[in-house]
Amino acid sequence: MPDTLTDAELLLASQDDPAEFVELYRRHAEDLLRYFARRTLDPEAAAELTAETFAEAFASRGNYRDTGANGVAWLYGIARHQLGRFFRTGRIDRAARHRLGMPPRELPLEDYERIEDLVDFAPIRDALIQALAGLPQDQREALQLRVVEGLPYPEVAAKLTCAEAAARQRVSRGLRRLAMVLQERGLSLAEVES
Amino acid sequence: MKTDIEYLKTLELDLEHVAALDEVRHTKGRGGGRRRRKWPAWTAAAAALLVVAFAIGSYFNEGAGIRGLPAALHYAGSDESGGTAGEPTRDAQVPEAREKLLLGPTYNSEAYAVAASDTDDSSATSPPAASASPAPGQADPIGQDLSKIVRDGQISLELPDGDFGETFAKVVNIAEQSGGMVLSSSTQGDGAGGLTLRIPASEFDRAFLAISELGRPLSSSTKGQDVTAQFIDLNAHLKILKTKRDFYFNLFENATTVSQSIQLEGRLEDVQLEIDKIQGQLRFINDQVALSTLKVSLREKNAPKAEDPEDILKPSLGLAWERSVQGTLRVLATVLVGLGYLLPIAIIAGIVLGVVMLVRRRDRGAS
């Protein structure tokens with residue numbers, strides 16, 4: 001039954017039956033994660049923003065009114081708000097998850113590559129190479145190895161002579177910083193793609 | 001969920017858990033979506049309850065609430081002279097007011113007419129005019145009755161329509177026949193006005209009574225201020241100064257040098273100035289004691305109420321604040337009274353509702 005409902009109908013139904021919201025999540029979670037990954041270039045940030053967006057949407061689903069637009073547009077409105085706050089403050093809010101009692105979750109190591117795979121770096125590789133020059137040396141080297149040369153994380157860690165977790169962290173921070181730089185320059189992966 | 005990203009799978013489980021918890025709350029009637037819809041209903045119910053309480057309180061609470069509010073506000077602001085303002089005296093109460101006026105303050109007006117005319121420098125037979133100048137060397141009235149009472153009053157009368165002009169003339173006539181005068185007067189259109197009268201203290205009560213009979217008294221007050229102590233002090237001071245003056249005068253007459261004469265002349269001048277000042281104060285007191293001030297306000301029944309120019313030019317924020325506070329307190333008191341009446345009804349309704357719910361639950365359990 002839930003598969004036949006539109007997104008707007010799912011949202012309205014979830015106001016009386018909260019379980020319907022999970023169906024909405026199943027439909028759009030990966031797309032939303034890709035949306036954030038392409039804009040932040042950072043798997044950790046993308047994952048947290050996805051979680052916070054769905055938490056916020058669940059908490060405020062009672063306010064949803066069907067105005068004729070697609071229900072997912074309401075969801076992406078919340079997502080844009082979260083993204084804007086992230087770029088303004090440089091950090092990700094946890095208020096909605098805290099309110100709902102959702103525990104903090106670490107991003108599993110194997111998910112880093114999977115989320116990066118959601119982002120096709122090819123179109124912005126050249127812009128990235130230019131922006132790399134402005135990064136700290138450790139992050140620049142990590143990104144150079146991982147993004148530009150496309151080496152797997154174990155090899156990146158070996159070349160940087162650090163643990164794999166540390167290598168992932170440097171790449172993640174470097175990507176986050178790159179995303180800020182691209183944002184400042186008015187560039188994002190989505191815009192470059194278009 | 002079909003994904004190979006573990007984080008998303010974990011997030012799905014977290015959301016399912018949160019949804020299940022919300023479902024439990026929802027079933028108990030405290031769900032997220034439904035709770036929000038209850039709020040407006042509760043707010044409306046509370047507002048309706050307060051309105052009903054206010055209406056009930058107004059009905060049962062005479063003198064406050066809707067029915068009493070305009071009158072109460074009028075009372076709060078109408079009488080600023082500290083007089084006996086209150087409900088408009090009905091005709092049956094006029095004889096009582098008359099009796100009150102006659103008994104009034106416990107002053108013997110005749111005795112104080114003598115005292116009022118007994119200034120430091122005037123004879124007892126002279127009319128109680130304020131302009132009597134002191135005769136030098138006259139003995140001080142020490143040992144005589146020196147009670148000095150300044151009496152003032154105000155009265156506000158409602159007149160039948162069309163009577164304002166005639167009544168105004170009658171008030172002037174009463175003042176003149178009492179040996180007094182009209183100090184100032186004002187009119188507002190053809191139906192309202194006021195007069196300030198100066199009436200000899202001995203005639204004050206009679207004039208007050210006569211004027212009160214010209215219309216329906218809306219408010220009246222009299223007050224007396226005892227200035228005896230001030231009068232005695234001034235007289236004592238005056239005596240000392242006169243003694244000093246005589247002393248300097250004798251020295252001046254016996255002065256042998258020009259410089260002595262000049263010095264003594266200067267001191268005489270200073271003392272004389274002091275004497276003049278105190279005599280002026282004594283004359284003022286005597287004038288106030290001798291002539292009482294009576295403010296009369298006349299208004300026809302249907303005359304339009306004009307704004308007091310004083311209120312327009314100098315609106316009293318203090319008075320406005322007082323009225324505002326009184327209004328707020330009256331409304332709160334009215335709501336409280338209403339809630340008091342509603343409380344037993346609420347208790348009974350609660351008991352009945354509780355019994356009904358118990359019976360329903362038992363039926364549901366049985367089925």
Side-chain angles (χ1 to χ4, degrees), chain A residues 11-34 36-37 43-44 46-64 96-118, chain B residues 1-52 349-350 352-367:
Chain A
L11 277 168
L12 289 171
S14 70
Q15 290 174 359
D16 286 321
D17 183 7
E20 297 287 351
F21 185 86
V22 184
E23 178 56 33
L24 186 76
Y25 170 83
R26 291 187 193 111
R27 287 186 190 178
H28 298 290
E30 199 164 300
D31 288 338
L32 200 61
L33 181 62
R34 184 180 298 109
F36 284 125
E44 265 186 54
E48 282 225 60
L49 284 168
T50 304
E52 185 64 16
T53 298
F54 277 105
E56 179 66 41
F58 181 83
S60 58
R61 71 193 191 285
N63 296 335
Y64 175 76
R97 283 173 282 173
H98 183 74
R99 216 160 52 232
L100 293 174
M102 290 169 67
R105 300 288 187 193
E106 292 278 330
L107 187 65
L109 292 177
E110 58 272 24
D111 279 348
Y112 277 81
E113 291 192 44
R114 289 169 190 154
I115 294 174
E116 284 172 17
D117 288 343
L118 294 176
Chain B
M1 182 179 178
K2 288 181 184 173
T3 180
D4 52 357
I5 298 174
E6 290 302 317
Y7 187 88
L8 290 182
K9 290 178 187 171
T10 310
L11 187 55
E12 183 186 359
L13 292 172
D14 288 342
L15 280 172
E16 280 175 353
H17 179 68
V18 166
L21 285 176
D22 206 57
E23 177 67 33
V24 169
R25 280 196 297 269
H26 183 83
T27 307
K28 286 185 182 172
R30 286 181 284 138
R34 195 171 288 178
R35 186 191 306 157
R36 281 190 200 89
R37 285 199 292 273
K38 270 188 180 168
W39 270 111
W42 276 112
T43 310
L49 179 68
L50 286 175
V51 168
V52 168
V352 168
L353 202 65
V355 165
V356 166
M357 282 173 71
L358 268 171
V359 167
R360 275 192 188 169
R361 249 186 231 166
R362 207 179 298 160
D363 290 344
R364 240 183 270 150
S367 63

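Values below: all heavy atoms of this structure, side chains included; hydrogens, waters and symmetry mates excluded. The sequence lines fix the lettering, A, B, ..., with proteins before strands; numbering per chain opens at 1.
With a threshold of 4.5 angstrom between heavy atoms, Leu33(A) approaches chain B through side-chain atoms but not through N, CA, C or O. Residue contact with chain B, scored on non-hydrogen atoms closer than 4.5 Å, involves the backbone of Glu106(A) exclusively.
Rounding to the nearest 0.5 angstrom, the gap separating the CG atom in Leu15(B) from the CG atom in Leu24(A) is 10.0 Å. A distance of 5.5 Å separates OH of Tyr7(B) from CD of Glu48(A), quoted to the nearest 0.5 Å. In this structure, the separation between CD1 on Ile5(B) and OG1 on Thr50(A) is 8.5 Å, given to the nearest 0.5 Å. Within the model, atoms CZ of Phe58(A) and CG of Asp22(B) stand 4.5 Å from one another, a figure rounded to the nearest 0.5 Å. Here the CD atom belonging to Glu12(B) is positioned 9.0 Å from the CD atom belonging to Glu23(A), to the nearest 0.5 angstrom.
Taking Ala19(A), Pro103(A), Gly101(A) one by one and counting their heavy-atom pairs under 4.5 Å with chain B, the maximum is reached by Pro103(A).
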From CA spacing to verdict: side-chain contact (heavy atoms from CB on, under 4.5 Å), Arg114(A), Leu8(B): CA-CA 11 Å; Arg114(A) 289 169 190 154; Leu8(B) 290 182; over 6 Å; no
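Considering only heavy atoms from C-beta on, Leu11(B) comes within 4.5 Å of Met102(A) through its side chain.
No salt bridge links Glu6(B) with Arg105(A); every basic N to acidic carboxylate O contact stays at or beyond 4.0 Å.
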